[in-house]
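Atoms within each ligand, like the ligands themselves, are counted from 1 in listed order. Throughout, residue positions are numbered sequentially from 1 according to the sequence presented. Since the structure is predicted, the reported quantities are computational estimates derived from the model, not experimental observations.
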Amino acid sequence: MKNILVIGATGQIGSDLVPELRKKYGNNNVVAMAHKSQPSEELMKGPIEFADANDKEALLRIVKGYSIDTIYHLASILSAKGEQNPELAWHVNIGTLKNVLDVARDLKLERIFWPSSIAAFGPTTPRDKTPQRTILEPGTMYGVTKVTGELLCNYYFKKWNVDVRSVRYPGLISYKAPPGGGTTDYAVAIFHEALKNKRYECYLREDSVLPMMYMPDAIRGTLQLMEADPSKITVRTSYNLAGISFSPKELANEIKKHIPEFTCTYKPDFRQAIADSWPKSIDDSQARKDWGWKHEYDLAKMTKDMLEKLKERI
Ligand code: SER
């Protein structure tokens, strides 16, 4: 029987992951941990705790109290917000990860998941079909915390055998929770605006191609990685993971097939420089080989599903 803690449960990934884990492992076996954000009604249907993951005592109390054996540590400040407050990004992204890894080591927890990102790459990284092992010189504090975190995970595995697993998520697109403070957020905001106002002003250039993924693929991949036999895991920093690569213009054109009146204009801001430093496409052959990763949603399938699901919600 698994006892799971999801830290950062109210965020973009947590909002989809918690219900999925509860379906799979039982409602009472998945504890959602939130900090400042108001949880959705859906999250409140199971056990929930409010704490700051930088508070090690609080974390220990929760982990011991629920006999937690598995942690999904998702709390993080994203790339754009991190550039506005690099100090906070370091404090939240690295301070909390160190706490989680220490608790996992000291209490001999079974398994940890921590997300890295395409933001671990930077302007000196090859941008097409970015390889698993390549140059990691990110230009954002968010990216710096992702590279640091990857190395920390690898270190805790090598030195103390902490079974921590990670993927470098592309930009994630979902309808349950809005993303907050990322560079790839336009690919979510555009759907909300298309449905509500039939127009959107994008803060990236129309030709800015970035790697993206629909949330159901991301959740499925995450669970697949976490269920894989330890002998299959050959990467202990973080696995490259690819879904679909597209530009804002390509996405806008796909939305137009469903909402013909939709118009998109482009007014790049500071996030353009961040996007320009990230890959266009990702080589995820290692994840495919090691634990059978395969994405399901292409641009057309994702757009259709996203519009349908979001329409029901708003
Ligand atoms: N979606 C994230 C961001 O834009 C990347 O991991 O910051």
Side-chain angles (χ1 to χ4, degrees), residues 8 10-17 72-86 88-90 92-94 96-97 113-123 125 127 130 136-150 153 166-192 202-205 208-219 221-222 237-248 251 268-282 284 287 295 302 306:
T10 57
Q12 197 197 5
I13 302 170
S15 300
D16 277 272
L17 184 65
Y72 291 77
H73 175 33
L74 309 173
S76 175
I77 302 287
L78 295 184
S79 59
K81 199 171 165 204
E83 284 319 280
Q84 282 151 353
N85 195 343
L88 180 71
W90 178 267
V92 172
N93 298 4
I94 293 303
T96 60
L97 175 61
F113 177 81
W114 174 80
S116 185
S117 154
I118 51 164
F121 304 118
T125 307
R127 295 190 70 200
T130 301
L136 299 174
E137 294 176 340
T140 61
M141 179 53 99
Y142 175 66
V144 170
T145 66
K146 289 302 180 192
V147 175
T148 309
E150 287 189 12
C153 290
S166 175
V167 294
R168 293 171 178 149
Y169 286 126
L172 296 176
I173 299 164
S174 64
Y175 53 86
K176 278 199 183 162
T183 301
T184 59
D185 292 11
Y186 90 82
V188 179
I190 195 171
F191 284 100
H192 287 263
C202 182
Y203 55 79
L204 295 182
R205 270 194 332 263
S208 276
V209 175
L210 286 169
M212 300 276 185
M213 185 178 287
Y214 195 34
M215 191 61 90
D217 270 344
I219 299 295
T222 304
T237 48
S238 190
Y239 276 100
N240 277 9
L241 208 63
I244 356 164
S245 283
F246 56 78
S247 66
L251 177 56
D269 67 13
F270 73 101
R271 288 169 281 193
Q272 184 64 56
I274 301 178
D276 287 342
S277 76
W278 288 352
K280 292 180 189 214
S281 62
I282 301 288
D284 62 359
H295 75 282
M302 178 276 288
M306 186 70 186

4.5 Å side-chain heavy-atom contact, S15 and M215
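Contact flag for S15/M215 side chains = no.
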
Just so I know, are the side chains of N85 and K81 near enough to count as touching, which here means a heavy-atom distance under 4.5 Å?
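Of all side-chain heavy-atom pairs linking K81 with N85, none is under 4.5 Å.
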
Going by the angle between their ring planes, with limits at 30° and 60°, are Y186 and Y203 parallel, tilted or perpendicular?
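It falls in the perpendicular class, over 60°.
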
Those protein residues which place at least one heavy atom below 4.0 Å from ligand 1:
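Protein residues near ligand 1 are L78, S79, S117, Y142, G182, T183, T184, W278.
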
Tell me if a side-chain donor or acceptor on D217 pairs with a main-chain N or O of Y214 at a distance below 3.5 Å.
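No; judged by distance alone, with no hydrogens or angles, the pair does not exist.
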
Y169 and T222: side chain donor to acceptor below 3.5 Å:
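Yes.
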
Trace of the side-chain hydrogen bond (donor to acceptor under 3.5 Å, both in side chains) decision for Q272 with S208
CA-CA 8 Å; Q272 184 64 56; S208 276; 2.8 Å; yes

